Structure formats: C-alpha cells, structure tokens
*Asks:* 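This is the structure, below, for whatever I ask next.
Computed from a predicted structure; not experimentally measured. Order of the sequence lines fixes the chain letters, A, B, ..., with proteins taken first and strands second; residue numbering starts at 1 for each chain.
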Amino acid sequence: MSEMTLPFAPARETAATSYLGEGHTLTSWLLTTDHKRIAILYALSITVFFFIGGIVVGLVRLELISPTGWFMTSDEYNRAFSIHGIVMVWFFLVPSIPATMGNFILPMMIGAPDVAFPRLNLLSWYLYVIGAAFTVYVLLSGGVDTGWTFYPPFSTGYSNSNVIPAAVGVFVVGFSSIATGVNFLATVHMLRAPGMTWFRLPLFAWSMYTVSMVMVLATPVLAMSLLLISAERFFGFPIFDATIGGDPLLFQHIFWFYSHPAVYIMILPAMGVVSEVFACFARRRVFGYSFMVFALLVIAVVGFMVWGHHMFVAGQSPFANLVFSFLSFMVAVPSAIKVFNWTATLYRGQIGLEAPMLYALGFVGLFTIGGLTGLFLASVPIDIAATDSYFVVAHFHFIMVGGSVSAFMAGIHYWWPKVTGRLYNEFAAQCAAITMFIGFNLTFMPQFVMGWLGMPRRYHLYPDVFQIWHVLSSGGAAVLAVAYLLPLGYLGWSLIGGQRAGDNPWAATGLEWQTPSPPPRQNFLHPPRVTSEPYAYHEFGRAREQDGETSISGQGDVS
Amino acid sequence: MSNGGSDMRSLWRGPLLAWIVLMGLFAISLGSAYIPLGHGNVAVNLLIAAVMLAVLATFLMDLKNAKSLVRIVAMAGLFWIMMMFSLTFSDYLTRW
Ligand SMILES: [Cu+2]
C-alpha cells in the first residue's frame, strides 16, 4: 500500500476554516457526519454518564462509612451498585477512548479525511443515545438490582426490578460499539495515506485496530446473552433455569465470553494513548515498536480465551479451571512486555512532566498493580479464597479506573490543544493529575487489604473491624471526586480564556500534529504523505537544532 | 447494466437456491426430531447444522467469489467459534 491515491483524498483547502466553524446550529451538530464533531458529541454524552455513575457510587461510598448502614436499605444498596456498574462499564468505559479520541484522532493519525463510513459513525452515536435513554429510564423508574452482570436465576426468575429495560439499554448500546468497531477496521484498512504502511502506524492507531476486532467479535455475544435473559424472564424459555432443564452456568460462559474481552476493550485503547504520550514526553522512539504491535494483537486474541477465570467457584469443572487459569497467566505476558517497553522508552529520555505525562505515568503504576493482582486471582487456590471479595473489586478498579481512566485523562490532556485549539492551565492540570493518583490509591488500596481479610463485595452491612478501611476508602473517593471535577473547571476555562495552541504545542510527531488546531473539516490542507517510521523524535530534535528554531514548526516525520 | 433483467435473475438465483436448500435441511432436521435415535439425534442435528453453515457461508455470504482477505476474515470467525465451543466444552464435558 505504498503508492496509491485515496478514494477520498482531502480536497485542497486554501483557507484554514476549522471544523468548529462549519455551522453553529444545533442541527449542524446533530446531523454532522464529521468524525471530529461526532467525537465531541460522544465526549459530552459519556461525560454526563461518567458523572451519573460517579454520583451513584458516591452514595455507595457514603453508605459504607457506617458498618450498620445509615441511609440505604439493602435493596436500595443493590440498585445503587448495579446502576454504577452498568453505567460505568457500558456508558463510559467501553466507549470512552475509542468513541472520543479514536473518532477524533484515528483518521487524522493515518492521514484520512474522515472514517470510512461517516454516516454509520453518526448512527453509532444515536444508538448510544437510545441505549442511554433506556438506562436513564431504568434509573428514574427505580433501578435494577441484579448487579451489572445480570446473573440468572436471579435476573430471570426472582428480581423485581427493571431487568428487561436495563438489558435492552445495554443491548442497544452494544450495537453502537459494533458500528464503531466496523468503521475503524474499514478505516485503517482502506484510508491510510500514501506511505502509511502497517508498520508505520502509530501505536494508538494499532490499539484502535485491535480494539475494533475485539468489539466486533465479542459484542454480538453480549447481545445474545442479554436476549436470552430477556427471553427466559419474559417468555419463560428454559435456557438458564435448572429446574426446567436449563443451565445457569451457560449464561456465565456467554456473558464472560464478552465481558472479559470487554476489559481489553477498555485497556487496549489506554495502552495506545500512553504509548503516544510516553514517546512525546520522553522525546524518544517507542522502545520495541513491533513487539508493542504484536503484544496488542496477542492480548486481543488470547483475551478471548480466559473468560472461565470468572467461574472458578461457580461450579465449572476443575479441568476447565486449570485450562482457564493457565491461559489467564499467559495473557499477562504481552501486558508485561508492554510495561517493560514503556519503561525502556523512558530510559534516558528527556522527560517532561506535563499533565499528560503525569497521567500516563500514573497509568503504568496503577495498571501494573492491577495486572499483578490479576495474576493472584488467575491462580485457582487464591481465587477460591478471594472470589467476591473486595480484593477482586480493588483489582479490577486498578485496571479499569487506575488504568483506563488515567489513560483517558492523559489522552484528553494530550489532544486537548488539537481538538479545541486552546491551551489549558498546565499547573492546574498537573495538580489534578497528582490529586487523582493520590485519591485513587487512597480509595482502592484499603480495598485490597479488607478484601484479603475477608470483606465480601456487594454488602453494605459488615463487621466493625472493616470500618477503618471503608472510611479510608470513602475518604479517597472524596479526593477522587475533586480530581475529576477540577478538569471540568480548567478545561472549560481554556475554551474561553486559554491561549491559542498553535499546530503542534508538544512538538509531537504524528500526522495529527501536522495540521492546524482545531483542524479543518477535511483534516489536512494538503493530502499527507508519510516517508518515515512513527516517533521520529530524534530526527525531529536534530532538525530543530540545525534550524536554530525555538518555535515548533510541526514538521515531524512528514516531508 | 445493459440487460438488467437477466442480471437481476442471476443475482437472485444463487441465494434463492441456497435458501431452498436451507429450508429443505430445516425440514429434515425437524423431521429427524420425531425419529427416536437416542444420542444419534444430536449427531444428526449437528451434521445438518454444519451443512447449513457451509451453504450459508459459500452461497449466501458469497465466499465462493470473495477476495482472499474476506475469506481469511471468515475463517477467523470460524476459528473464533471453535475456540468458544472447545473452551466451553472443556467445562461441560469434564464436569463430575
Ligand atoms: Cu476476566
């Protein structure tokens, strides 16, 4: 794919009108097919849901301060953590990086004027909104009490809450992620600029490609599992109910066939983001680029073969436990490769500690702890003791919040100047990053301890000995809340009072920085052509020294 | 598109034939359920399902005329399903 003309090569735009200037009416946004505007629609919607999920879990943490419960009934508590899980997983984490930064940056990164199917892209946002509407309905009509996992027989036979509307919401939003996945796969295959060969793709583009594979292959299975739950609950089909010939474990197999890969839907994009950030703020080529690519691919594939580790104590056969335990250990290998390569990328780099870098460094630390405790849980004897304890809760929050949300914040800060054309207050952003790291550890480290001591998840009444850990954790949650609210302030302010960013404020390589900020409708003023590998920071630096340049011209790896 | 009529007819013929074959297989599968074969019923049903899958993939999904990339993707899908079933059966076939 070295020399070819693009079917949708950007028209030469002479005046740099930004995509933000292309109409200011509501319909110009709601009917847009511009990937950049759709990314912003997504960003606004997932932010709303992030704060809905956050407020709910704020109530949960508040309730847990007292060992006897003080303002929730057990039933209300069940509904609170259920809606927290559903909202955070499907309405924030799964779409978070792909639908916002993926949508905005991926086409620019590969030198394309848009995604392959712009209207499908808009449709995916509307599907998100429809799914979200169901979830809001569930929230307003009393909630759902099954946990985010919808396990039968409780969900099909016993729950008196809104199981079917909640399942429909998740079902519909699943199609939005399938649409995004299909779109990204086609985009990466078809719309790479001349010279952008597969092994010149930046790692963020690779992460979007691999995550799209997972989205397309896993999400239909989620849809299936929810459909079966609804069919059994509504029509009484004998699928999961053991008393009429069904098998409740079958649901867990199907559900986790999606939901374990869903963890990789959340973490692969995060890995892509921090790879970009590390290269830029260490001024170095990513160490072991091809290993990084293959690690992404291996994680995506092997991630499909480990789901049984969620069922070690559910009645799964001991032989299957052995197989899934082994495979779960295997999937740690490519993740470890990535962590070592990031470390090696930093080694002897010229490290700048701007906010995106602080978030990315936080990511690596927290992801590593999350990953290593995952190995504890992949081992059957430990998992038998730790199942359904706060140890598990802490483990997956380290991956999904410490990992994914840190990387989400890193990416938002890194690409903010490109998206908005404005610089935010660096000091405020650094403070928020550090606050988030501290708040996160304060929230979840105590959960490891109490989980190890035997505190089960999903209970709001607990023995007094655990109270100190719960109080610490709730205190941490308050700090975390501040850290999440701060960016709303300074990022919001940057839109009004922020300095103009210029094309390339971080002096980064990559095609997305070779165009005005905010970018024009077609992304590039001239059709881009790629002549070298990604992350040519050394060449970039040398060129700037020779020119005696102080300001950044943004020439990067493109001639 | 010079003679659209015959083009349309050839466009429809393949899928229509495939559909008829699928319906036939469906009838056989339904009929076989009424013949008491013991465990043989499951075997027959799985065999019919495999034939159905092959018909679907070759004719309705038109893999017989597809580019190699598309075929590779289809093979990957099949591999994925195999993975899913074999790992699931690592549970079901070894329970005691
Ligand atoms: Cu898992």
Side-chain angles (χ1 to χ4, degrees), chain A residues 1 181-182 185-186 188-190 198 210 212-222 224-225 242 246-258 260-261 297 300-328 330, chain B residues 1 18 22 25-26 29-30 32-46 48-50 52-96:
Chain A
M1 177 96 211
V182 169
L185 288 177
V188 175
H189 271 277
M190 308 305 292
W198 282 93
T210 49
S212 301
M213 286 183 358
V214 180
M215 281 172 162
V216 169
L217 290 167
T219 317
V221 182
L222 169 72
M224 205 170 88
S225 72
D247 177 13
L249 270 198
L250 180 62
F251 175 79
Q252 298 184 26
H253 276 299
I254 304 172
F255 181 81
W256 289 112
F257 183 83
Y258 163 81
H260 185 83
L297 287 166
V301 173
V302 181
F304 272 96
M305 305 174 189
V306 301
W307 78 85
H309 62 214
H310 296 271
M311 303 164 62
F312 285 161
V313 299
Q316 184 175 246
S317 102
F319 174 74
N321 286 354
L322 201 68
V323 171
F324 282 117
S325 173
F326 174 74
L327 288 165
S328 304
M330 292 301 296
Chain B
M1 280 293 191
L22 285 175
L25 287 166
F26 171 60
S29 156
L30 188 68
S32 78
Y34 291 95
I35 308 168
L37 296 172
H39 285 298
N41 278 115
V42 177
V44 170
N45 284 334
L46 286 177
I48 295 172
M52 282 175 152
L53 178 73
V55 172
L56 264 167
T58 337
F59 298 102
L60 285 184
M61 291 165 80
D62 204 27
L63 288 181
K64 73 179 161 75
N65 296 323
K67 284 194 296 187
S68 48
L69 179 66
V70 177
R71 287 185 192 176
I72 291 171
V73 170
M75 291 301 291
L78 202 62
F79 176 75
W80 229 255
I81 288 184
M82 274 169 48
M83 194 58 75
M84 192 181 168
F85 274 92
S86 53
L87 283 173
T88 305
F89 281 123
S90 82
D91 173 20
Y92 282 93
L93 299 181
T94 60
R95 277 191 202 168
W96 65 76

*Asks:* What residues, two or more places apart in sequence or in another chain, satisfy ring pair (Phe, Tyr, Trp, His ring centres under 6.0 Å) together with Tyr92(B)?
*Replies:*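 For Tyr92(B) the ring pair (Phe, Tyr, Trp, His ring centres under 6.0 Å) partners, ignoring immediate neighbours, are His253(A).
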*Asks:* Ala300(A) and Trp80(B): which non-hydrogen atoms are nearest, and at how many Å?
*Replies:* O-CZ2, 4.4 Å
*Asks:* Listed by chain and number, what are the ring pair (Phe, Tyr, Trp, His ring centres under 6.0 Å) partners of Phe312(A), not counting sequence neighbours?
*Replies:*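 So Phe312(A) forms no ring pair (Phe, Tyr, Trp, His ring centres under 6.0 Å) with any residue.
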*Asks:* Can you say whether Leu93(B) sits under 4.5 Å from chain A via the side chain, the backbone, both, or neither, judging by heavy atoms?
*Replies:*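 For Leu93(B), no heavy atom lies under 4.5 Å from chain A.
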*Asks:* Is Leu327(A) in contact with chain B via its backbone, its side chain, both, or neither, using a 4.5 Å heavy-atom distance?
*Replies:* side chain
*Asks:* Taking the side chain as every heavy atom from C-beta outward, state whether Arg95(B) and Leu249(A) have any pair of such atoms under 4.5 Å apart.
*Replies:*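 Touching, per the 4.5 Å side-chain cut-off.
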*Asks:* In Å and rounded to the nearest 0.5 Å, what is the OG to CE distance from Ser86(B) to Met305(A)?
*Replies:* 8.5 Å
*Asks:* Give the minimum heavy-atom separation between Ser90(B) and Ser317(A), together with the two atoms involved.
*Replies:* O-OG, 3.5 Å
*Asks:* How long is the gap from CG on Leu322(A) to OG1 on Thr94(B), to the nearest 0.5 Å?
*Replies:*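 Reported to 0.5 Å precision, the distance equals 10.0 Å.
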*Asks:* Would you indicate whether the side-chain heavy atoms of Leu87(B) and Trp307(A) approach each other to under 4.5 Å?
*Replies:* yes
*Asks:* For the residue pair Phe257(A) and Met84(B), establish whether any side-chain heavy-atom pair is separated by less than 4.5 Å.
*Replies:*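 Yes - at least one pair of side-chain heavy atoms lies under 4.5 Å apart.
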*Asks:* Working to the nearest 0.5 Å, report the span between OG1 of Thr88(B) and CG of Leu250(A).
*Replies:*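 Rounded to the nearest 0.5 Å, the OG1-CG separation comes out at 8.0 Å.
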*Asks:* Relative to chain B, which segment of Val301(A) carries a heavy atom at a distance below 4.5 Å: side chain, backbone, both, or neither?
*Replies:*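 When you check distances to chain B, atoms from both the backbone and side chain of Val301(A) fall under 4.5 Å.
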